[in-house]
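Note sheet for the following structure.
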Amino acid sequence: MNIILDNHNYKVVDTKEKITIADSFVVRQNKIGGGNGEAKLYIGQDVLETRSFFGNNGFAIPCFLIKSDLQKYLEETKVEYLKPEQPYINKEILPNLWIERKKKIDALPERIDFEVVEQTQIAGPRVYVNSGDQAYKIIRELSLPNITFISVIKLMDDNGKLNYYFRLFADYFGETEHPYTIEKEEEQIEETIADKLEKTQLYRARIGQGEYRKNLLALCPFCPITLVSDDRLLIASHIKPWVASTDIEKLDPLNGFMLTPTFDRLFDRGFLSFTNDKKTILSPFLSNMTYSKLGISDNKIITHLPIAGREEYLEYHRTEILKK
């Protein structure tokens, strides 16, 4: 798999799928517990998998962030800054911190390079890195503990040089949407829609049930990837997410596919999408090994994928949901 970043073509060598940001790593303003925060970042156990990805004992590796990724992360976490779910020790200043940090990120160049160095002075089976560079400090400053994680893609440029592409993502305890966002959306339905049946249909559509599921099953009675047709094993998955959809789009069976749970998860979380000519698009933020275990590959034609009427929804999914 190849990707283009900052007008450079790279070959994807491997992916470290998820480094969870702990409370001990973030700056004091973001913390939940006590202490000033530690600059070292835990990246994995000292095992072959970690070493083959990052390097031998004492490695120092060139890394980079992309400004547009940081801007997107700030938009993803804005609601947590404004309406925090976690008991931050400085909860009252988080809204102002978001504004300050947004200004800082907007002023950065598109690519921000840095280097991380293994902390060999720390004994034990855990591998840590640290850096004094600006980009690394930005990671500590922006990250909110427990709901932030980092994916790292190991890249090779045309000259055979390795680069490590860091990207921050938000994960609200297993969900992509913040609880407050969903709550406000449901409150709006409650306040603006008088018809009880219509309200019920919208609420059920959010979890892929009711008339939405029934109508989608009539159009797609099986998972187009696995061809499983037992509807007890199928999930009515929105293409354009429920929260981002209009009331009409929420109930539109063309705004969905019937998928088995694993592929529903891949699609919902932006690791899988499709072209309008029925080919798979895989995100580089999962490893080739994981995709191989799931039996899915990039640019594979899904013959039974229903496309007609779904083109605009898929365009939204590729643009806004797919982790590119």
Side-chain angles (χ1 to χ4, degrees), residues 1-4 11-12 15 17 72 151 153 169 171 174-177 201-202 204-324:
M1 184 187 299
N2 291 334
I3 60 174
I4 297 175
K11 178 184 177 182
V12 176
T15 302
E17 296 170 346
K72 186 169 185 178
S151 288
I153 305 181
F169 293 102
D171 184 319
E175 299 297 331
T176 55
E177 294 294 337
Q201 288 177 343
L202 285 169
R204 288 180 175 174
R206 183 173 71 80
I207 56 173
Q209 297 295 333
E211 286 296 307
Y212 171 73
R213 177 181 173 85
K214 176 183 174 182
N215 293 334
L216 182 51
L217 267 172
L219 294 178
C220 307
F222 55 85
C223 171
I225 302 172
T226 64
L227 304 185
V228 168
S229 59
D230 187 332
D231 62 10
R232 295 171 299 178
L233 303 177
L234 298 177
I235 296 174
S237 182
H238 280 88
I239 301 172
K240 183 177 181 180
W242 188 87
V243 170
S245 296
T246 66
D247 289 347
I248 293 174
E249 292 170 339
K250 287 178 171 71
L251 298 172
D252 184 3
L254 292 174
N255 182 20
F257 295 120
M258 297 303 300
L259 299 171
T260 48
T262 296
F263 289 104
D264 166 75
R265 189 70 168 176
L266 287 172
F267 187 72
D268 181 64
R269 301 308 294 265
F271 296 116
L272 167 68
S273 193
F274 305 100
T275 66
N276 288 351
D277 57 356
K278 303 188 178 186
K279 293 179 182 178
T280 57
I281 307 172
L282 300 184
S283 167
F285 288 96
L286 279 186
S287 68
N288 290 333
M289 179 65 73
T290 295
Y291 287 125
S292 176
K293 290 176 180 177
L294 295 172
I296 191 75
S297 58
D298 199 35
N299 210 35
K300 178 180 179 180
I301 296 176
I302 307 299
T303 306
H304 299 284
L305 188 73
I307 295 294
R310 294 174 169 82
E311 292 87 350
E312 289 189 17
Y313 291 127
L314 279 171
E315 175 63 26
Y316 182 95
H317 190 273
R318 291 190 296 265
T319 303
E320 301 297 331
I321 308 301
L322 179 65
K323 290 176 166 63
K324 297 183 288 295

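Along the sequence shown, residues are numbered consecutively beginning with 1. As the structure is a prediction and not an experimental result, all values here were calculated from the model. Any value given below was found using the heavy atoms of this structure, including those in side chains, with hydrogens, waters and symmetry copies removed.
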Q. Going through the distances and angles, do L219 and R310 end up as a side-chain contact (heavy atoms from CB on, under 4.5 Å)?
A. CA-CA 12 Å; L219 294 178; R310 294 174 169 82; 4.1 Å; yes
Q) Just how far is it from atom CD1 of I225 to atom CG of D264, taken to the nearest 0.5 Å? A) 10.0 Å
Q: Please state whether the rings of H317 and F267 are parallel, tilted or perpendicular, taking 30° and 60° as the class boundaries.
A: parallel
Q: Return the minimal non-hydrogen interatomic distance between P221 and A218, and the atom names on each side.
A: CD-O, 4.5 Å
Q. Side chains of D231 and R213: closer than 4.5 Å at any heavy-atom pair?
A. yes
Q) Mind checking whether F169 and K323 have side chains closer than 4.5 Å, heavy atoms only? A) yes
Q. Is it true that a side-chain atom of T15 and a backbone atom of P284 form a donor plus acceptor pair closer than 3.5 Å?
A. yes
(Q) For L322 versus S273, what's the shortest heavy-atom pair and its separation? (A) CD1-CB, 4.0 Å
Q | Heavy-atom pair with the smallest gap, counting every atom of P253 and Y212 | A | CA-CE1, 4.1 Å
(Q) Between E315 (side chain only) and Y313 (backbone N and O only), is there a donor and an acceptor less than 3.5 Å apart? (A) no
Q. Would a line drawn from the ring center of F274 to the ring center of F257 be shorter than 6.0 Å?
A. yes
Q) Around atom CD of E312, are there more than 12 heavy atoms of other residues, nucleotides or ligands at under 6.0 Å? A) no
Q. If only atom types and distance count, is the side chain of K278 paired as donor or acceptor with the main-chain N or O of I301 below 3.5 Å?
A. no
**Q.** Worked check of side-chain contact (heavy atoms from CB on, under 4.5 Å) between K300 and L282
**A.** CA-CA 10 Å; K300 178 180 179 180; L282 300 184; over 6 Å; no
**Q.** More than 12 heavy atoms from other groups under 6.0 Å of CD1 on I307
**A.** yes
Q: Report yes if some heavy atom in the side chain of K324 is under 4.5 Å from a heavy atom in the side chain of I281; otherwise report no.
A: no
(Q) Just so I know, are the side chains of T303 and P224 near enough to count as touching, which here means a heavy-atom distance under 4.5 Å? (A) no
Q) Minimum heavy-atom separation for E17 to S151, with atom names? A) O-OG, 2.5 Å
Q. If only atom types and distance count, is the side chain of T280 paired as donor or acceptor with the main-chain N or O of I302 below 3.5 Å?
A. no
Q | Between CD1 on residue I248 and CG on residue N255, distance to nearest 0.5 Å | A | 12.0 Å
Q. Measuring from D298:CG to L272:CG, what's the distance to the nearest 0.5 Å?
A. 9.5 Å
Q: Could you grab the distance from atom OG of S229 to atom CE of M258, nearest 0.5 Å is fine?
A: 11.0 Å
Q: Assess whether side-chain contact (heavy atoms from CB on, under 4.5 Å) is satisfied between L259 and L234, documenting all intermediate values.
A: CA-CA 5 Å; L259 299 171; L234 298 177; over 6 Å; no
Q: With rounding to the nearest 0.5 Å, note down the distance linking CG in L314 to CD1 in I321.
A: 11.5 Å
Q) Should the ring pair F222 and H304 be called parallel, tilted or perpendicular, given that the plane angle runs from 0 to 90° and is split at 30 and 60? A) perpendicular
Q) Nearest 0.5 Å, what's the OG1-CZ distance between T290 and F271? A) 9.5 Å
**Q.** Main-chain N/O of H238 paired to K250 side chain as donor or acceptor, under 3.5 Å
**A.** no
(Q) To check you understand the geometry: which heavy-atom pair defines the closest contact between P261 and L233, and what is its length? (A) CD-O, 3.2 Å
(Q) Under 6.0 Å from the ring centre and within 45 degrees of the ring axis: does the NZ or CZ of K240 meet both conditions for the six-membered ring of Y316? (A) yes
